[in-house]
Amino acid sequence: QSSPQKRQCAFKNTIANKQFEDAGDVNGSVQVCESTQCCVGYYRIINDQPRADILACDIVEKSCPNNACIAQPAQVLNNITSIKCACNTDLCNNNINWTS
Amino acid sequence: QSSPQKRQCAFKNTIANKQFEDAGDVNGSVQVCESTQCCVGYYRIINDQPRADILACDIVEKSCPNNACIAQPAQVLNNITSIKCACNTDLCNNNINWTS
Amino acid sequence: RSLRSTRDSTGKQVNATTCGLKSLTVSLFNAFLGPNTARINNCQGLCVFPLSDPIYHTLLLISYIENGNVKERAPCCVPIAYDALVVIKVKLEGTYICLQPNMLATKCGCR
Amino acid sequence: RSLRSTRDSTGKQVNATTCGLKSLTVSLFNAFLGPNTARINNCQGLCVFPLSDPIYHTLLLISYIENGNVKERAPCCVPIAYDALVVIKVKLEGTYICLQPNMLATKCGCR
C-alpha cells in the first residue's frame, strides 16, 4: 500500500501563527501538509503591492478548486486592504494572481 | 445607648436547615433573632392536622404585619398541602391560627 | 439603556429603549412555600447597535438579517446572568430551605 | 424538537416546531479575511412545555404571562452555548490566525 502523495506549499509565517506551523512539517520555505490538499496565501496591500503575511498549508479555507492561486475579492478590515488565495498544486501559493 | 430588644421566636428544625440555625442564637426551643422582627412557621397538613416542620426567625418572608401567626392560604406543592404564617411578637409562632 | 426613536409595526414613530433590565415582581405561590413573591426582573428592548454585550454570533446574525434575510429569527433581548434566591421547598421528607439558582435576572444581552 | 399544532397570529392552525437548533450559513466577508463562510446556526421555535433546558426564571415568566400579563416580554428561543471558530484576522501588526469564541451556536434554550 502506498500512501497518497502529500501536498507541498510555500511557507511564510510573518508573526507567530503556531496553528499554521502545526499544519505540516516545515523545511525552510516549504511545508508538507499533514491533512489538506490546499495551499493558501494571505496578503496585505501595501503601496499598491501585495505583501505575503502568511503562506502555508490550509487550515481555514477548506476549499481550493483552482490550480493557480487566484486572488479573491479584496477585503477592507480595520482600514487595511487584504487579499487571499487558495490553490491545489505543489507550491502554487508562491505567486498570487492579482491585478489592482 | 441601648440596643433595641431582639425578637424571640419558637424554634424547631425538623430536617437540617442550617440557614435557619444561623438566623439567631438557639437555646432549646427558643431562638433570639439576629436581624429580623419576624417569626415564621412552616407546616405540612398531615391527617387534617398541621405539623410544624420549621419554627424560627424569618429569613425568607421579609414581612409580618400580624401580632398572631395567622395561616396564609394553603398551598399544594409536590402533592403535599402546606401552610405557613409569619408574626411580629415574641414566641408568636408557637401556635398557628388555622381552620381546615 | 438609552431612548431612541424607531418605528412600530404600523410605521408610526415611537420611542423605544435598547435592550435592558426591567423590574418585574411575580407570585411564587404555585412554585414554593415561601417567599410569597420575588422580584425576578425581565429583559426587554431593541437589539440595535451599539450592543451592551456584543458577541460575534449576534453581530453576524444582525448583519445577515440587515442584508435582506428578514425571515431569520432576529436577536432577542434576554437574560444572560441570574442570581439565586433563598426559597422554602416542600418534599415528602419535610419542609426545607434551599438556595434556588437562576431565579432573578441580573443582566441582559442580545442573543 | 417535536412538531406541534398551534395557531398563528391570524388564528389559523399551523404546525410549528419547539425551540431548537437550525442550520444557518453566513458570509464572513465583512468580518474576517478567512474563511469565506461559516455555519453559525440559529435558534428558532416555540417556547412551550416541556422545555428542553428549563430554568426557573423562564418557568416563572411563562406562568406570569399565561396568567394574563400578555404585554410582558415572552421567553425567546436563543443560543445558550457556542463553539469557537478558527478565523484569519487583519491588524496593523500583520495577518494572523485566531480562535474566535462565541461564533457557532450549538445549543438552544428559552430565556
Side-chain angles (χ1 to χ4, degrees), chain C residues 9 19-32 37-47 53-67 69 71-85 87 98 100-106 108-111, chain D residues 9 19-32 37-47 53-67 69 71-85 87 98 100-106 108-111:
Chain C
S9 57
C19 177
L21 202 63
K22 182 177 156 286
S23 177
L24 172 65
T25 299
V26 303
S27 164
L28 300 183
F29 189 81
N30 293 314
F32 305 105
T37 60
R39 183 174 157 174
I40 66 167
N41 297 324
N42 197 7
C43 293
Q44 200 163 307
L46 300 175
C47 285
D53 182 78
I55 65 168
Y56 248 107
H57 186 274
T58 303
L59 298 176
L60 292 169
L61 193 52
I62 290 178
S63 159
Y64 180 75
I65 291 166
E66 281 182 349
N67 282 336
N69 301 286
K71 286 195 169 170
E72 194 62 38
R73 182 197 65 84
C76 198
C77 175
V78 295
I80 56 173
Y82 299 92
D83 267 352
L85 180 71
V87 298
C98 145
Q100 186 71 35
N102 298 324
M103 285 288 289
L104 319 176
T106 58
C108 301
C110 289
R111 293 294 186 268
Chain D
S9 56
C19 177
L21 202 63
K22 183 177 155 287
S23 176
L24 172 65
T25 299
V26 303
S27 164
L28 301 183
F29 189 81
N30 293 315
F32 305 105
T37 61
R39 184 174 157 175
I40 66 168
N41 298 323
N42 197 7
C43 294
Q44 200 162 309
L46 299 175
C47 285
D53 181 79
I55 65 168
Y56 249 106
H57 186 273
T58 303
L59 298 176
L60 292 168
L61 193 52
I62 290 178
S63 159
Y64 181 75
I65 291 167
E66 280 181 350
N67 282 336
N69 301 287
K71 286 195 170 173
E72 194 62 37
R73 181 198 66 86
C76 191
C77 175
V78 294
I80 57 174
Y82 299 91
D83 266 352
L85 180 70
V87 299
C98 144
Q100 187 71 35
N102 299 324
M103 284 287 290
L104 318 176
T106 58
C108 302
C110 289
R111 295 293 185 267

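Computed from heavy atoms alone, side chains included, the values below leave out hydrogens, waters and symmetry copies. Sequence lines set the chain letters: A, B, ... in the order given, protein chains first and strands last, and positions in each chain run from 1.
- Using a 4.5 Å cut-off between heavy atoms, D:Leu24 contacts chain C through its side chain alone, with no backbone atom that close.
- Note that the CG atom of D:Asp83 and the NE2 atom of C:His57 stand 11.0 Å from one another [nearest 0.5 Å].
- Checked against the 2.5 Å cut-off, the SG-SG distance between C:Cys76 and D:Cys76 falls under it.
- The shortest distance between side-chain heavy atoms of D:Met103 and C:Leu60 falls below 4.5 Å.
- Of the listed residues (C:Pro101, C:Ser63, C:Cys77), the greatest number of heavy-atom pairs within a distance under 4.5 Å of chain D belongs to C:Cys77.
- Between D:Glu72 and C:Asn42, the closest side-chain pair of non-hydrogen atoms falls below 4.5 Å.
- In plain terms, the two heavy atoms of C:Tyr56 and D:Ala31 that are nearest each other are CE2-CB, 4.2 Å.
- Across all non-hydrogen atoms, the minimal contact from C:Tyr64 to D:Thr25 is CE1-O, 4.1 Å.
- The two residues D:Arg73 and C:Pro79 make their nearest non-hydrogen contact at NH2-CD, 3.5 Å.
- Ranked by heavy-atom pairs shorter than 4.5 Å toward chain C, the options D:Leu104, D:Leu85, D:Asn69, D:Ile40 are led by D:Ile40.
- With a threshold of 4.5 angstrom between heavy atoms, D:Asn41 approaches chain C through N, CA, C or O but not through any side-chain atom.
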